[in-house]
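What follows is a single structure, written as structure tokens, with notes after it.
Because only heavy atoms are used, hydrogens play no part in the values below, and waters and symmetry mates are left out as well, while side chains stay in. Atoms within each ligand, like the ligands themselves, are counted from 1 in listed order. If you're wondering where the values come from, they're calculated on a predicted model, not measured in any experiment. Residue numbers count from 1 along this sequence.
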Amino acid sequence: MVNQERKTEISNGLEIANSRINAAARSANRNPSDISLIVVTKTFPRSDVDFLYELGVRDFGENRDQEGAVKAENFHRDARWHFQGQIQGNKIKSIVKWADVIHSLAEIDHAKTISDRYQMGEAVLPAKYPVLIQVSLDSEKRIERNGVEPKSLTEFADAIAKISGLEIKGLMAVAPIAQNPDIAFAKMAEIFSDFKEKFPMATWLSAGMSGDFESAIMHGATHIRIGSSILGNRSYL
Ligand SMILES: *Cc1c(COP(=O)(O)O)cnc(C)c1O
């Protein structure tokens with residue numbers, strides 16, 4: 001159970017985030033309903049997730065298998081769980097059981113394992129597991145290596161497209177720390193536009209966090225992942 005003070009904090013945070021999303025969409029000449037908010041609940045308790053559900057939230061983001069698995073267990077069936085953290089190969093078997101979509105795919109070996117593990121599971125829908133390819137927006141000077149390098153993206157996606165149990169939903173990106181998000185997301189928009197020519201079914205662009213989601217919306221993000229500006233500061237990280 002969440003106390004009244006926490007309820008007020010969360011509902012205010014959600015309301016403010018939604019109005020900022022709407023304002024950013026309007027100034028980008030976009031329809032706010034084309035932008036999905038994923039509330040990133042990592043490190044926050046299941047009671048917060050329950051309350052967010054009461055407020056109408058259906059999309060939840062988690063970074064760790066163990067934590068996500070516990071929160072998603074026996075949760076409402078119409079909720080969607082988004083895995084967006086770094087993938088560990090030995091956790092994939094578990095991740096595909098509770099997560100409805102993986103945003104952070106960046107290795108071929110992981111893609112094969114996701115497909116195998118998913119197809120080995122019970123007969124569940126959808127037939128193909130939805131994944132987003134994480135693209136690196138790092139400048140050449142400062143490589144943090146979070147994602148596939150843009151120059152290798154087509155080759156990577158071609159290989160993923162050949163794996164029978166996967167569906168490429170789109171791209172995901174994180175703006176590098178210590179870089180202007182507008183510059184990073186402008187680059188991302190270009191990459192996404194080229195990508196869609198070759199993969200027109202890949203309609204999702206997952207980008208934007210608490211500190212930079214307005215910029216991401218300006219540059220075409222369809223799915224934004226917001227944690228701390230709704231739920232408050234995380235106690236670790
Ligand atoms: C934690 C995290 C978020 C949310 O970050 P906030 O700054 O709390 O909004 C979004 N995306 C990824 C990949 C994350 O790890």
Using a 4.0 Å cutoff against the non-hydrogen atoms of [X], which atoms of ligand 1 qualify?
| X | value |
| --- | --- |
| S210 | 6 (P), 7 (O), 8 (O), 9 (O) |
| N63 | 14 (C), 15 (O) |
| I226 | 9 (O) |

Tell me the side chain to side chain donor-acceptor pair (under 3.5 Å) pairs involving residues 11-25, sequence neighbours left out?
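Found R20-E214.
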**Message:** Tell me the nearest of H82, R225, K42 to atom 2 (C) of ligand 1, using heavy-atom distances.
**Reply:**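 Going through H82, R225, K42 one by one, K42 has the nearest heavy atom to atom 2 (C) of ligand 1.
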Is S47 reaching over with its side chain to a backbone N or O of V2, donor-acceptor style, under 3.5 angstrom?
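Absent.
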As an exercise, state the distance from CG of D78 to CZ of R58, rounded to the nearest 0.5 Å.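 The CG atom of D78 sits 4.5 Å away from the CZ atom of R58.
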- Please round to the nearest 0.5 Å and tell me the distance separating atom CE of M218 and atom CG of D212.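 Taking CE in M218 and CG in D212, the distance rounds to 13.0 Å.
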Report yes or no: does H103 have a heavy atom closer than 4.0 Å to ligand 1?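 No, H103 has no heavy atom closer than 4.0 Å to ligand 1.
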Do G227 and ligand 1 have an N or O pair less than 3.5 Å apart?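 In this structure, G227 places an N or O atom under 3.5 Å from an N or O of ligand 1.
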query = Do the rings of H76 and Y53 sit parallel, tilted or perpendicular, given the 30° and 60° boundaries?
reply =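 The rings of H76 and Y53 lie parallel, inter-plane angle below 30°.
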